[in-house]
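Values below: every heavy atom of this structure, side chains too, minus hydrogens, waters and symmetry copies.
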Amino acid sequence: SSTMSFSEAEVQSARGAWEKMYVDAEDNGTTVLVRMFTEHPDTKSYFTHFKGMDSAEEMKQSDQVRGHGKKVFSAINDMVQHLDNSEAFLGIVNPLGKKHATQLKIDPKNFRIICDIILQLMEEKFGGDCKASFEKVTNEICTHLNNVYKEEGW
């Protein structure tokens, strides 16, 4: 459905959890991408400039990996700011989904992979409660991105 059902309390705790991650947006974003590339090497094929990088160390140092990590975190941050406003939330999710579906042709399963790695990192750094309060957000993001893909004929 296009309407989101977050209670005020859920919005607040999700924002609180996310803030802890977003303080170090570039480092945490980089960690998430490096994990994705090392644990799911096929995901590297979408990023032509990361293809030649095999070591996690090399990826961590890459300006391009760091830059994209920060970009991913900024996009999620925008979504988190609009959890209480479906229209604004979809205004961010829809163009992002469209771009990844039509221009970049990214398999939508990769969104779930990246969200799961974010949750895993949250749990490692800040504990299970932090992760739990953000799980619903990642589900919403993935659901809406998948909807966009369906509309684009995936």
For residues [X] and [Y], report the shortest heavy-atom separation together with the two atoms involved.
X: Tyr22; Y: Ser74; result: OH-OG, 3.6 Å
X: Leu33; Y: Gly69; result: CD1-N, 3.4 Å
X: His82; Y: Ala88; result: CD2-CB, 3.4 Å
X: Ser5; Y: Glu10; result: O-OE1, 3.6 Å

Rounded distance [0.5 Å steps], [atom1] in [X] versus [atom2] in [Y]:
X: Phe73; Y: Asp78; atom1: CZ; atom2: CG; value: 13.5 Å
X: Met36; Y: Thr43; atom1: CE; atom2: OG1; value: 4.0 Å
X: Asp84; Y: Ser7; atom1: CG; atom2: OG; value: 11.0 Å
X: Ile118; Y: Met21; atom1: CD1; atom2: CE; value: 6.0 Å
X: Phe134; Y: Met122; atom1: CZ; atom2: CE; value: 4.5 Å
X: Ile141; Y: Leu83; atom1: CD1; atom2: CG; value: 7.5 Å

- Query: So, do Met79 and Glu140 sit near enough that their side-chain heavy atoms are less than 4.5 Å apart?
  - Reply: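 Of all side-chain heavy-atom pairs linking Glu140 with Met79, none is under 4.5 Å.
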
- Message: So Asn28 and Lys125, do their side chains get closer than 4.5 Å, heavy atoms only?
- Response: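 Yes; the side chains approach each other to less than 4.5 Å.
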
- Message: Angle between ring planes, His49 versus Phe47, binned at 30° and 60°: parallel, tilted or perpendicular?
- Response: perpendicular

- Message: With side chain to side chain contact (heavy atoms under 4.5 Å, CB included) as the criterion, how do Phe6 and Lys136 come out once you've worked through the C-alpha distance, each side chain's angles and the decisive distance to 0.1 Å?
- Response: CA-CA 9 Å; Phe6 284 95; Lys136 189 171 176 179; 3.6 Å; yes

- Item | Partner residues of Arg66 under the side chain to side chain donor-acceptor pair (under 3.5 Å) criterion, sequence neighbours left out |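 If we apply the side chain to side chain donor-acceptor pair (under 3.5 Å) test to Arg66, skipping adjacent residues, the hits are Glu26, Asp27.
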
- List for me each residue that meets side chain to side chain donor-acceptor pair (under 3.5 Å) alongside Ser62, sequence neighbours excluded, and say none if there are none.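 Scan of Ser62 (side chain to side chain donor-acceptor pair (under 3.5 Å), adjacent residues dropped) gives none.
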
- Query: Does Trp154 share a hydrophobic cluster with Val148, counting links as ILVMFWY side-chain heavy atoms below 4.5 Å and allowing steps through other members?
  - Reply: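 Per the 4.5 Å side-chain linkage, Trp154 and Val148 are not co-clustered.
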
For residues 104-115, dump all side-chain donor-acceptor pairs below 3.5 Å to protein atoms at least two apart in sequence or in another chain.
residue	atom	partner	partner atom	Å
Lys105	NZ	Thr102	O	2.6
Asp107	OD1	Lys109	N	2.9
Asn110	ND2	Asp107	O	3.2
Arg112	NE	Asp116	OD1	3.2
Arg112	NH1	Asn139	OD1	2.8
Arg112	NH2	Asp116	OD1	3.1
Arg112	NH2	Thr138	OG1	3.3

- Hey, does the side chain of His68 reach the backbone of Gln64 with a donor-acceptor pair shorter than 3.5 angstrom?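 A pair under 3.5 Å: no.
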
- Task: Give the intermediate values and the outcome of side chain to side chain contact (heavy atoms under 4.5 Å, CB included) for residues Ser133 and Trp18.
- Result: CA-CA 9 Å; Ser133 61; Trp18 177 250; over 6 Å; no

- Query: Yes or no on side chain to side chain contact (heavy atoms under 4.5 Å, CB included) for Thr38 and Met59, after CA distance, side-chain angles and deciding distance?
  - Reply: CA-CA 10 Å; Thr38 41; Met59 290 178 213; 4.1 Å; yes

- Task: Show your working on salt bridge (charged side-chain N to carboxylate O under 4.0 Å, His left out) between Lys44 and Glu58 and close with a plain yes or no.
- Result: CA-CA 13 Å; Lys44 270 200 301 187; Glu58 206 181 344; over 6 Å; no

- Message: For the CG atom on Asp63, are there more than 12 heavy atoms of other groups (residues, nucleotides or ligands in this structure) within a distance under 6.0 Å?
- Response: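 No, CG of Asp63 has 12 or fewer neighbouring heavy atoms, counting only those of other groups under 6.0 Å.
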
- Could you check Val32 against Val72 for side chain to side chain contact (heavy atoms under 4.5 Å, CB included), going step by step and ending with a plain yes or no? CA-CA 10 Å; Val32 167; Val72 168; over 6 Å; no

- Query: Given the side-chain rings of His144 and Phe89, with only the six-membered ring counted for Trp, is the space between their centroids under 6.0 Å?
  - Reply: yes

